[in-house]
Every structure is written in structure tokens, then in C-alpha cells.
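Lettering of chains follows the sequences in order, A, B, ..., and the numbering in each one begins at 1.
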Number of protein chains: 2
Amino acid sequence: MDDIDRTIISLLSQDARRALSDIGAHVGLSPSAVNERLRRLVASGAIQRFTVAVEAQALDLPILAFVWIALSERADEAAFRAHAAADPQIEECHHVTGEWSYLVKMRTGSLADLETFLAGLKQQGFLGRSQTVLALSSPVPGVFVPPCAG
Amino acid sequence: MDDIDRTIISLLSQDARRALSDIGAHVGLSPSAVNERLRRLVASGAIQRFTVAVEAQALDLPILAFVWIALSERADEAAFRAHAAADPQIEECHHVTGEWSYLVKMRTGSLADLETFLAGLKQQGFLGRSQTVLALSSPVPGVFVPPCAG
DNA sequence: TTGCGGTCATGGATGACATTGACCGCACAA
DNA sequence: TTGTGCGGTCAATGTCATCCATGACCGCAA
């Protein structure tokens, strides 16, 4: 993992369909050399997968919510994680420091779906307390372009 | 945007390097037809861009923090957004309901970098109050695979 | 029913591209 | 100096995206 690798990752973050020859021109390597580095980056797990950034509106998921969760005392933590992983509405689920146990980031089609999700948690005995925060807008898109060369 | 489009998006979310013929086999279309749909999905903005999912550890960014921010009374909201957008450490910045104005999700190399970020906000007069929550682990990876066919 | 226009998928030709393997040079250790 | 391994270039090959002409299907109006 040197500066060239980081530059390659940065370029791919912006556009993962760039040609190897194009990347090579940026970093001063042949397409083959870039391909070999790319293979290693994927094999090592540094690049987890190639994917697409999707506009939530296009998928009819206008609600973006952050839900703070404190598990109930009798909750099985592993079961909760499995539950979260299985719900396609959940984009992220983080174990966090502080007052709450988990922070869940989720997209739903409506506020009713959000209520249903929380009701499900309660019914299965996971939920101690929770607090929901709605996102109104995102001034910074979810772009993750890692620092280039440094 | 019909079920076929949604399926295409779902397949690309898992692996954006799938061949058009492979996608076509899943949805029952020819490669050309898939290509045409893909072109429209990109043109309409439903697919914002092709990118790669990067493991933060590989980039020496072990700290994942959520920072709640209440702007100071004299803060210029647009300036704050520009400031956030310009910081490569910030992955997301959401305008939210409730007690706080903004929720910032950021990755840094160290806790010191986090302090530096907050100090910078204060120095520029943006910061009213703030509260930082650290993520310890992510039981659910940041995969966003939209619901398929439904 | 028939005729028409628009939308959308098909299939094949073409060119670009990823991929592979052989070869080369350099750094390092014995 | 010599052997070894890593990481690069270059050229050949096969796959694939892309483009275009053609044709099927659907809704609508006469």
C-alpha cells in the first residue's frame, strides 16, 4: 500500500469504470501493472467490492433516519445484529460509545415503515429505549474519496 | 424505473463489474437492452456513479466518529456546508431534526485529528455545541443493496 | 379491423479493453 | 559475484461494451 495504490483507489472512488490505461497514465504505469496492483488491492480486502452509488429518491426511499438504540437487558446482542443485517432498509449499524448501544442508519419509504421497524424490535424483545432523528438534507453527498497521495 | 431496473441496480450494487450478458441472463434481456437501460439509469441520475467500497483500515483511518453539531448563532450555514464538503475526512453531513442541527460522519487517522477538526470549527465561529460519538464496530457493513423486485 | 407512430428489444459487426504469459531490470542476501 | 524474488514492460489473445439497422409489440384513431 504505497502512494500509487492510494491514488488508484482515489481514482476508482470517483469513477470505477476508468480504463486501466487511463489510470496508468495518471500514476505513470502500464495497464498491466495497474491491473496487477488492482488484483492485489482486491485480494487483500483493501477494495471490498465494486459497486454503484444510487440516488435514494429513485428507489422510493425518501426517509433517511438515524435511530439510537439501547438494547433491553434481556436482549441477545448477536441476535440483534443478525436482525439488523437481515433488514434491507438498514444501511449501517454501528456499535457506539456513550449513552446508546447502537446507531442505525436506515432508509424507508415512509414514516410508517420506520414505526413498523421499531415495533418489530420491541416485539422481539431487543428494544430498551430508542430515539429517532430524521435527516432533512445532505449538504455533503456520501462520497468517500480517500486522500490522494498522502 | 420498473422491477427490471431495480433488479439491475441491485445486481450492480453487489458487483458493479458484472458483464451485461450476465445481468441480462438474470433479468431476461439481451446485453444491448441491459446496456440501454443502464445508460438511462445513469443519465436520469438514479445511478449517480460507479465506485469502489474501501476498507477504512487499509487507508489508515481507524477512527469512525459521529459528531453532532449545533451551529453558533452567528454561523453562516452555507459557509459551514462548504467547509464540510471540502474536508476529505467527512464522509457524510446531514441536516437533521431535533436537538442538533447537523450530524457529521467522519473518518480520521487518530483522535487528535478529530480534536483538530472540532478546534477548526470553533476557530471559524461555526461551532455552538457539539457531541462526539465513536463507533466501535460495524456489525452491518455499509452495503446498500436495494430491495430486489419490490 | 386496419393503419400508424412510438417504444423497446434483438442480433451482428466492430473496436476497445482486460487479461495473460514471456521477458527484463533492479534490489537484496548469500 | 551470483541467485532469487518482486514488480515492471510489452505483445498477443479473447472477451466484452458499444453501435446501428432491423423487427416486434402496444396503444390509439379512423
Side-chain angles (χ1 to χ4, degrees), chain A residues 1-61 141 143-150, chain B residues 1-61 141 143-150:
Chain A
M1 171 64 64
D2 56 11
D3 277 355
I4 291 181
D5 282 332
R6 270 184 280 270
T7 304
I8 290 175
I9 288 177
S10 177
L11 290 170
L12 288 176
S13 296
Q14 296 161 37
D15 178 9
R17 287 198 296 185
R18 270 201 166 84
L20 295 180
S21 56
D22 183 45
I23 299 173
H26 274 82
V27 300
L29 288 179
S30 69
S32 306
V34 174
N35 194 37
E36 173 60 14
R37 280 172 175 267
L38 198 49
R39 193 193 60 74
R40 279 204 302 272
L41 286 171
V42 171
S44 73
I47 291 179
Q48 295 171 320
R49 74 188 165 286
F50 286 70
T51 184
V52 289
V54 180
E55 192 207 19
Q57 304 295 340
L59 294 168
D60 257 342
L61 297 171
V143 191
F144 181 38
V145 182
C148 190
Chain B
M1 171 64 63
D2 56 12
D3 278 352
I4 291 182
D5 282 332
R6 270 184 280 272
T7 303
I8 290 174
I9 289 176
S10 177
L11 290 170
L12 289 176
S13 297
Q14 297 163 37
D15 177 9
R17 288 199 296 186
R18 269 202 165 83
L20 295 181
S21 57
D22 183 45
I23 298 173
H26 274 82
V27 299
L29 288 180
S30 70
S32 305
V34 174
N35 193 39
E36 171 60 15
R37 280 172 176 268
L38 198 48
R39 191 194 60 73
R40 278 205 302 272
L41 286 172
V42 171
S44 73
I47 291 179
Q48 294 170 322
R49 73 189 170 287
F50 286 71
T51 184
V52 288
V54 181
E55 192 209 17
Q57 304 296 339
L59 294 168
D60 258 342
L61 297 171
V143 192
F144 181 37
V145 181
C148 191

Student: What is the distance from atom CD1 of A:Ile23 to atom CD1 of A:Ile4, rounded to the nearest 0.5 Å?
Tutor: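 The distance works out to 12.5 Å.
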
Student: Once you round it to whole Å, what is the distance between C1' of C:dA18 and CG of A:Asp22?
Tutor: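 The distance from CG of A:Asp22 to C1' of C:dA18 comes to 14 Å, rounded to the nearest Å.
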
Student: Is A:Arg37 close to A:Leu29 at the side-chain level, that is, under 4.5 Å between some pair of heavy atoms?
Tutor: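 Side-chain contact under 4.5 Å: yes.
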
Student: Heavy-atom nearest nucleotide on DNA chain D for A:Arg40 versus A:Arg17: which residue maps closer to 5'?
Tutor: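 Between the two, 5'-proximity favours A:Arg40.
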
Student: Rounding to a whole Å, what distance do you find between A:Arg39:CZ and D:dC6:P?
Tutor: 12 Å

Student: From CG of A:Leu38 over to C1' of D:dG8, roughly how many Å is that when rounded to an integer?
Tutor: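 Atom CG in A:Leu38 sits about 16 Å away from atom C1' in D:dG8.
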
Student: How close or far is atom C1' of C:dG6 from atom CD of B:Glu36, stated in whole angstroms?
Tutor: 14 Å

Student: Is A:Arg18 near enough to C:dC17 that one of its side-chain N or O atoms lies under 4.0 angstrom from OP1 or OP2?
Tutor: no

Student: Would B:Asp15 and B:Arg18 satisfy salt bridge (Lys or Arg N to Asp or Glu O under 4.0 Å), going step by step from the backbone distance to the final call?
Tutor: CA-CA 6 Å; B:Asp15 177 9; B:Arg18 269 202 165 83; 5.1 Å; no

Student: Kindly say whether A:Arg40 contributes a backbone atom to a donor-acceptor pair with the side chain of A:Ser44 at under 3.5 angstrom?
Tutor: yes

Student: Distance criterion of 3.5 Å, no angle test: do you see the side chain of A:Ser32 paired donor-to-acceptor with the base of D:dC10?
Tutor: yes

Student: Rounded to the nearest Å, what distance is computed from the CG atom of residue B:Leu29 to the P atom of nucleotide D:dC25?
Tutor: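 Answer to the nearest Å: 15 Å.
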
Student: Would you say B:Arg37 places a side-chain N or O within less than 4.0 Å of OP1 or OP2 belonging to C:dA9?
Tutor: yes

Student: Tell me: CG of A:Asn35 to P of C:dT20, nearest whole Å?
Tutor: 7 Å

Student: Grab the CG-C1' distance between B:Leu12 and D:dA17 for me, whole Å please.
Tutor: 14 Å

Student: Can you measure B:Leu20 atom CG to C:dG12 atom C1' for me and round it to whole angstrom units?
Tutor: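 Those two atoms, CG and C1', are 16 Å apart.
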
